K.L.:
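Here it is, the structure, as structure tokens.
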Amino acid sequence: MKKIIITGATGMLGTAITSALQGHDLYGYSSKDLDITCSFKLDQIVKSIKPDYIINCAAYTAVDLAETDQEKAFKINALAVQKMAQVANQYQATLIHFSTDYVFNGTATQPYLPLQETDPINVYGASKLAGEKSITQVNGKHYIFRISWLYAPHGKNFFKWMAGTDMKELKIVDSQKGSPTSALDVSSFIKHLVKNDPETYGVYHFTNQGAMTWFEFAVAINKKLNLDKIIHPVTTFESAAKRPTYSVIDGSNTIKVFNYQIPTVEEGLHEVVRIYNP
């Protein structure tokens, strides 16, 4: 049994990870319980608990709003993360942090490797990359997992929107390709890591294996849930932030280092549909 602090514990990913780690000594903090930008409170909590792991699921994730709220995005995704890395290192805790496929510019034609050059094209991606760099510079015990297109049977996400919308006819963008990734599969992997920690620290990619466009993902959800919606592919949609055209990331090193078989996109969706309760 490990002592584990989970920040952002009531968000989509935090909820899944909290559920997967039952049996450990868990200290879950919602964003209301613990504002991670309050470094004094963070220090106090870590000092009193002295955890084996700090799993940071707290983040600013509003991609479009970040374009006009740059200060807040960087405060949560970079400055607070830097302090968390320092505090984790001070008390010998391993920091597990989640980043994004949006650290890449999307001009590639094959999956991005973890050490490939980063070049974010929106504020959100830039703020997450700054967070990554701050953890790496502190150089304590840390894992950074870039994840992409996260969804779950709970929380606010594309799957839940598709399942719940009253609209019978949808226009979904078909010009962005990535790997829809189940928060349930991320949390199962984190459970495996905590039990079998190889202590091979660094930056890794974790996404469900395979790739599709948002349109293809919508069609798959439509079919799995028998929604009977009419879905039209579109090449563009209006948004404040640019998004990478291609953001498939290569998780083969994660599979090798952690000796873990990552489920496919189809397998991930199948499990989310099985658990989903409208």
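Fair warning: this is a prediction, and the values are worked out from it, not measured in the lab.
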K.L.:
In terms of hydrophobic clusters joined by side-chain contacts under 4.5 Å, are Tyr260 and Tyr201 together?
P.N.:
yes
K.L.:
Find out whether Tyr53 and Ile96 are in side-chain contact, i.e. whether some heavy atom of one side chain is under 4.5 Å from a heavy atom of the other.
P.N.:
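When only atoms from C-beta onward are counted, Ile96 and Tyr53 do touch, with a gap below 4.5 Å.
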K.L.:
If we count only N and O atoms by modelled type, under 3.5 Å, do the side chains of Ser30 and Asp33 hold a donor and an acceptor together?
P.N.:
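Yes.
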K.L.:
Under 30°, 30 to 60°, or over 60°: which ring-plane class applies to Tyr102 and Tyr124, parallel, tilted or perpendicular?
P.N.:
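Rings of Tyr102 and Tyr124: perpendicular, over 60°.
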K.L.:
Quick test of your reading of the model: are Arg146 and Glu132 salt-bridged, counting only N-O distances below 4.0 Å?
P.N.:
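Judged by the 4.0 Å cut-off on N to carboxylate O distance, Arg146 and Glu132 do form a salt bridge.
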K.L.:
With a 4.5 Å cut-off on side-chain heavy atoms, are His97 and Ile55 touching?
P.N.:
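Contact flag for Ile55/His97 side chains = no.
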K.L.:
Start with the C-alpha distance between Thr136 and Ile144, add both sets of side-chain angles, then the distance that settles side chain to side chain contact (heavy atoms under 4.5 Å, CB included), and finish with yes or no.
P.N.:
CA-CA 9 Å; Thr136 306; Ile144 297 165; 4.0 Å; yes
K.L.:
In terms of relative ring orientation, are His205 and Phe104 parallel, tilted or perpendicular, with 30° and 60° separating the classes?
P.N.:
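Geometry flag for Phe104 against His205: perpendicular rings.
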K.L.:
Report yes if some heavy atom in the side chain of Asn208 is under 4.5 Å from a heavy atom in the side chain of Ser179; otherwise report no.
P.N.:
no
K.L.:
Check whether any side-chain heavy atom of Pro233 lies under 4.5 Å from a side-chain heavy atom of Trp214, and answer yes or no.
P.N.:
no
K.L.:
Quick one: do Arg243 and Asp64 make a salt bridge, cutoff under 4.0 Å?
P.N.:
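Yes.
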K.L.:
Does the side chain of Ile54 reach to within under 4.5 Å of the side chain of Met84, using non-hydrogen atoms?
P.N.:
yes
